[in-house]
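Worksheet: the structure to be examined is printed underneath.
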Amino acid sequence: MVGIPGGQYPLGSEAGGPEERPVHAVTLAPFWIDRYEVTNAAFVAFLHATVLADRSRDLRLAGDAAPGAADGRVIQGRDARLLMEDTRAPDARTLIALNDGESRLGIRAGRLYVEPGFEDHPVNEVTWRGARAFCAWRGARLPTEAEWEAAARGREGRTYPWGETPPTPAHAVFARGSNETRPVGSHPAGATPEGIHDMAGNVAEWTSTLYRPYPYRADDGREDPDSAGERVTRGGDHVFDTSPERLRAAFRAGFSRNPLVGHRHIGFRCAR
């Protein structure tokens, strides 16, 4: 993790849409945030150490399924919804959608594995609950939207995590095909001055915050973990329609935000 000093940070931008206004400042306590996005390998380790190790759960991995196979039949039991989703009737228990054909995780001989070569790519298809559960397992939590933006922009309010230079393929993973992510940390030119990688591109990232208008106030209910509603995702992603505009560190519109389902272009990182 990277330490972010406490103090006052700017949020919002006049260069963006109305959801980025009004421009205002927030005062934050010191916090830590992951240097890299959570990887496929790390999330598999979490699942094996928690839900798949809990013998009290009726959850069985039966048969084999290759990564990306949209075949939920290999997961059985009343708790199968922990690892599967039904987009027609989302279940609040779901941690990750292994059955929608986009995850790089597969099943072999009753265990999860990562498609070879993608161990260090950011995990996707994780629900908001799944991201929170992983962070708690690590003794951490999701960053708030304000913390995420402060880490990405710094006190000076950078346009992009790395500064003011317009994005190029050397800075970020963007405008690529679906699921064409890259290993975390593979674009050092796009890191923040503090050394936080991939805050623009690769995958967008869950935050703890309900999607509500600015100004940001931590005490107005938007940080209530039990409230229903969309949760903020930040940071741009890799897919073909991601323009440089969406890589701005203040950008907060245009990404999927349904917390009950997994998304091919959304991952996360933890804070504490």
Side-chain angles (χ1 to χ4, degrees), residues 36-55 57-134 137 173-184 186 198 201-206 233 237-242 255-268:
Y36 304 110
E37 293 164 328
V38 173
T39 64
N40 286 312
F43 203 80
V44 164
F46 155 70
L47 291 176
H48 279 301
T50 55
V51 296
L52 294 174
D54 186 350
R55 296 180 181 274
R57 291 194 179 279
D58 181 16
L59 178 65
R60 301 178 301 280
L61 304 184
D64 290 355
D71 184 356
R73 291 175 296 174
V74 295
I75 305 172
Q76 299 175 349
R78 69 171 182 273
D79 294 323
R81 285 291 183 88
L82 290 169
L83 304 180
M84 299 165 55
E85 72 178 6
D86 181 347
T87 55
R88 298 164 298 179
D91 191 309
R93 296 173 297 167
T94 303
L95 301 175
I96 186 171
L98 296 182
N99 60 316
D100 88 333
E102 297 286 351
S103 172
R104 294 291 188 181
L105 309 187
I107 300 168
R108 181 185 297 134
R111 291 187 64 82
L112 293 173
Y113 73 99
V114 183
E115 183 177 353
F118 290 89
E119 293 86 353
D120 292 332
H121 285 235
V123 69
N124 67 349
E125 293 295 344
V126 177
T127 66
W128 184 74
R129 180 177 182 271
R132 289 184 67 225
F134 176 94
W137 175 67
V173 184
F174 68 104
R176 300 169 67 93
S178 179
N179 239 11
E180 290 186 15
T181 54
R182 298 291 297 156
V184 300
S186 58
D198 298 311
N202 227 7
V203 290
E205 301 173 15
W206 289 115
T233 55
D237 57 42
H238 63 281
V239 295
F240 65 91
D241 60 351
T242 296
F255 304 117
S256 304
R257 293 186 291 265
N258 183 346
L260 299 183
V261 299
H263 306 270
R264 62 187 173 128
H265 58 297
I266 295 175
F268 67 103

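- By the side-chain contact (heavy atoms from CB on, under 4.5 Å) test, R60 pairs with D58, Q76, sequence neighbours left out.
- Among pairs with a residue in residues 101-114, those fulfilling salt bridge (charged side-chain N to carboxylate O under 4.0 Å, His left out) read R104-E115, at least two apart in sequence or across chains.
- Judged by distance alone, the side chain of N124 and the main-chain N or O of H263 form no donor-acceptor pair under 3.5 Å.
- When every heavy atom of L260 is checked against every heavy atom of A92, the shortest pair comes out as CD2-CA, 3.9 Å.
- Rounding to the nearest 0.5 Å gives a distance of 9.5 Å between OG1 of T127 and CZ of F268.
- Residues in residues 58-108 take part in no ring-ring contact (aromatic ring centres under 6.0 Å, His included) pair, two or more places apart or across chains.
- Listed by chain and number, the residues in a salt bridge (charged side-chain N to carboxylate O under 4.0 Å, His left out) with R55 amount to none (sequence neighbours excluded).
- Judged as a side-chain hydrogen bond (donor to acceptor under 3.5 Å, both in side chains), and not counting sequence neighbours, D100 has no contacts.
- Residues that satisfy the side-chain hydrogen bond (donor to acceptor under 3.5 Å, both in side chains) test with D54, not counting sequence neighbours, are S56.
- Residues S256 and I266 have side chains in contact (heavy-atom distance under 4.5 Å, counting atoms from C-beta outward).
- Residues that satisfy the ring pair (Phe, Tyr, Trp, His ring centres under 6.0 Å) test with F43, not counting sequence neighbours, are F46, F134.
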Using side-chain contact (heavy atoms from CB on, under 4.5 Å), reason through N40 and V123 one step at a time and then give a plain yes or no.
CA-CA 4 Å; N40 286 312; V123 69; 3.6 Å; yes
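- Side-chain contact between V38 and V126: absent, with no pair of heavy atoms (C-beta onward) separated by less than 4.5 Å.
- Sequence neighbours left out, not one pair with a member in residues 118-133 passes salt bridge (charged side-chain N to carboxylate O under 4.0 Å, His left out).
- Screening residues 81-118 for ring-ring contact (aromatic ring centres under 6.0 Å, His included), with sequence neighbours left out, gives F118-H121.
- Between the side chain of D198 and the main chain of Y36, no donor-acceptor pair closer than 3.5 Å is present.
- Minimum heavy-atom separation, L98 to S103: CD2-OG, 3.7 Å.
- Take E37 and apply the salt bridge (charged side-chain N to carboxylate O under 4.0 Å, His left out) test, not counting sequence neighbours, and it matches no residue.
- In this structure, the side-chain contact (heavy atoms from CB on, under 4.5 Å) partners of V44, at least two apart in sequence or on a different chain, are H48, L105, L112, V114.
- Counting only residues at least two apart or in different chains, salt bridge (charged side-chain N to carboxylate O under 4.0 Å, His left out) contacts with residues 89-98 comprise D79-R93, R81-D91, D91-R93.
- The minimum heavy-atom distance linking V74 with G63 is given by the pair CG1-C, 4.3 Å.
- Shortest non-hydrogen contact noted between L52 and L59 is CD2-CD2, 3.9 Å.
- Between W206 and N258, the shortest heavy-atom contact is CH2-O, 3.3 Å.
- In this structure, A49 and W137 approach most closely via the heavy-atom pair CB-CZ2, 3.8 Å.
- Counting only heavy atoms from C-beta outward, the side chains of L61 and I75 approach each other to under 4.5 Å.
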